[in-house]
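Okay, structure first, notes after.
The model shown is predicted, which means the values in this text are computed figures rather than measured ones. Residue numbers start from 1 in every chain, and the chains themselves are labelled A, B, ... in the order their sequence lines are given, proteins ahead of strands.
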Amino acid sequence: MNEIFTASVFASAIRLATPYIFAGLGETFSQRSGVLNLGVDGIMLMGAFTGFYAVYITENLLIGVLVAMLTGLVMGLAVAFISVTLKAEQGISGIGVYLFGLGLSELLFQKLIGTPKSIVGFTAISIPGLSDIQFLGIGEIFFRHNLLVYVAFALVPISAYVLNRTPLGLMIRAVGQNPQAADAMGINVARVRYFTVTLGGVMSGLAGASLSIALLKVFQQNLTSGMGFIAVALVYFGGWRPFGILAGAMLFSFVNALQLQISGIGVDIPAEFAVMAPYVITIITLIFASKRTEKPTALTKPFERGE
Amino acid sequence: MLKKMQFVFLIVAVLLMAVTVTQAQDDVFRVAAVAPSATNDLAFSQSMYDALMLIQGEMGADKFEFVFQDGTFVVDDAAVALREWATSGEYDLIIAHGSQYGTIIEELAPEFPDVSFAWGTDVNTFGLDNVFAYTAAAGEGGFVNGALAALMTKTGKIGVVGPIEVGDAKLYVDGFVAGAAAANPDVEVFVTYIQSFSDVPLATEAANTHIANGADILTGSAQMVVGAIAVAQEQGALWFGTQASQAELSAGAGVMFQVYRWDVVLRDIMASIAEGKLGGEAYTLTLANGGLVMEQGGYGK
């Protein structure tokens, strides 16, 4: 049993959870204001490509991160324009954004790079004094990761604080729960939704970059393999709360890491069963967690003044 | 007036016939191919694309033309393309490059008995006279790679990142394990099938897991291994590959690659078609027939 639950498995879970946390937190802001963005995966793909390409060209990681975030910002603005200004059906338009991101990232990859190439991306940073803690493998589990992993986990309490303890968070929640009342109070519903959806885009771009220039250091077509959709599901799983999303991302990633470890050390269980496990456990947990959610009442409903 | 119109119709009819005869008798060999992943996947789809490019280079673009629809993992999408090509009658050979396309070919080929189809990796021609099948004895290069890896490992542990336990991926992995056992029975080979041909993040983490468990040599099959190759490079491990050359990506970590040379099969198929035989045969790439080639990577260079 000690061979299965090793420190490296927990460290692996933390690495795997990172893109889900970035994308899930961003989507939480969007959904708490009432906008469902199903295009997260497409924005992640574009962020992953543009961030990778920027590093490939400039060999500068900061530029890579900024370019990925800028890409997410532009795509987030596009989603906001479609959802808030044009009041389009959010589910369908989100799928359109996903397909756009999937296709464009493939096309750009084919034309600008052509074949998978590796880059020197973010490497693990050992936190002095902490990374050497041997007790329960704490040093290896928590303090030997790349910079973006630390950033993702730091954003969880920051997001919770912003959503629950600041006037901005109150505005976002008000717009998501009762946009008419928020409007009557003088809150500009459209502006708030533009802000949250664009922020969600930036975070999705960052999620993509966390894959291509930090975890994988390579880009390939459809690099995310649907991670953006899982991130959207984790928002529901987490009850629209940042710490809930963290818990969901960690649970999903831990079971994934565990199944890799189980097959990696030669434990004889069917591979199909091991691969199903993260999804089955996530669904079961979602059933029990669904009763204690804070689902925004106005989610997916375009705002019409006076309705 | 009537005579003039009859004359015009006659001229048009003659011109149309001339064009048709020209098309049917031109000496351009036209191929249409569908593949599940990208032409630059450094793996399965690229191996076929490279083969078609090689043949075009040899014959000339005026003698050999091909269209290649990549990224068609969804079988229904591939079915649409294959039917369009078959209906058009423009192609001498239609290739369905992926074992998931077998059912489509089995359904489609009897509807177009004058069109030649090829599909793989498999050896089943469904008893049809217009279907060629092709596969790769990937276990052969797998055995070579496994034996080499077993002789080179310092920790005595080797990690394998596989996609789904089917087709040439399974052949390669089984051959690799057998080769390692033959060269050094004390070496442990740990195999992880991630149940996906495309999940790069999961394949990368599988490679990380093998490294964390002490492996100093990694190998894997299919297009999702690109991240695993990057892990080998970063962690100072060695990489053995298959399907296509991954020498450029793996740089100094790459030791040996089993490269599929589908051009060997394609030449045989084209020769058969030239003789009027549209199918009914199965081909296998092997090291002996030159369809499988072992290519050295950047390690030690």
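- Note: B:D70 CG to A:E106 CD = 7.5 Å, rounded to the nearest 0.5 Å.
- Between the side chain of A:S225 and the main chain of B:S198, a donor-acceptor pair closer than 3.5 Å is present.
- By the 6.0 Å contact criterion, CD on B:E248 is open, its count of non-hydrogen atoms from other residues, nucleotides or ligands being 12 or less.
- By the 4.5 Å heavy-atom criterion applied to side chains, A:F109 and B:N40 are counted as neighbours.
- With chain B as partner, the option from A:P19, A:P116, A:A7 having the largest number of non-hydrogen pairs under 4.5 angstrom is A:P116.
- In terms of non-hydrogen atom pairs under 4.5 Å with chain B, the most contact-rich of A:G226, A:A257, A:G114 is A:G114.
- At a 4.5 Å heavy-atom cutoff, the contact between B:E234 and chain A is made by side-chain atoms alone.
- In this structure, OG on A:S12 lies 6.5 Å from CG on B:N208, to the nearest 0.5 angstrom.
- Across all their heavy atoms, A:L16 and B:P201 have their closest contact at CD2-O, 4.3 Å.
- At a 4.5 Å heavy-atom cutoff, the contact between A:Q261 and chain B is made by backbone and side-chain atoms alike.
- With a threshold of 4.5 angstrom between heavy atoms, B:I194 approaches chain A through its backbone and through its side chain.
- Top candidate by heavy-atom pairs under 4.5 Å with chain A, chosen from B:V231, B:T192, B:V191, is B:T192.
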Evaluation steps, side chain to side chain donor-acceptor pair (under 3.5 Å), between A:S118 and B:Q233: CA-CA 9 Å; A:S118 59; B:Q233 268 187 296; 3.2 Å; yes
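- In this structure, chain B has a heavy atom under 4.5 Å from the backbone of A:L215, while its side chain stays farther away.
- With hydrogens and angles ignored, the 3.5 Å screen pairs no side-chain donor or acceptor of A:Q220 with any backbone N or O of B:V200.
- Taken to the nearest 0.5 Å, the CG atom of B:L249 stands 7.5 Å off from the OG1 atom of A:T115.
- When all heavy atoms of A:L216 and B:A230 are compared, the pair lying nearest together is O-CB, 3.4 Å.
- The distance from atom OG of A:S8 to atom CD of B:E205, rounded to the nearest 0.5 Å, is 9.5 Å.
- Rounded to the nearest 0.5 Å, atoms CG (B:D199) and CE (A:M227) are 7.0 Å apart.
- Of the inter-residue distances, the one linking B:T209 atom OG1 with A:I262 atom CD1 reads 11.0 Å to the nearest 0.5 angstrom.
- Interface remark: B:I229 contributes no atoms to any contact with chain A (heavy atom separation under 4.5 Å).
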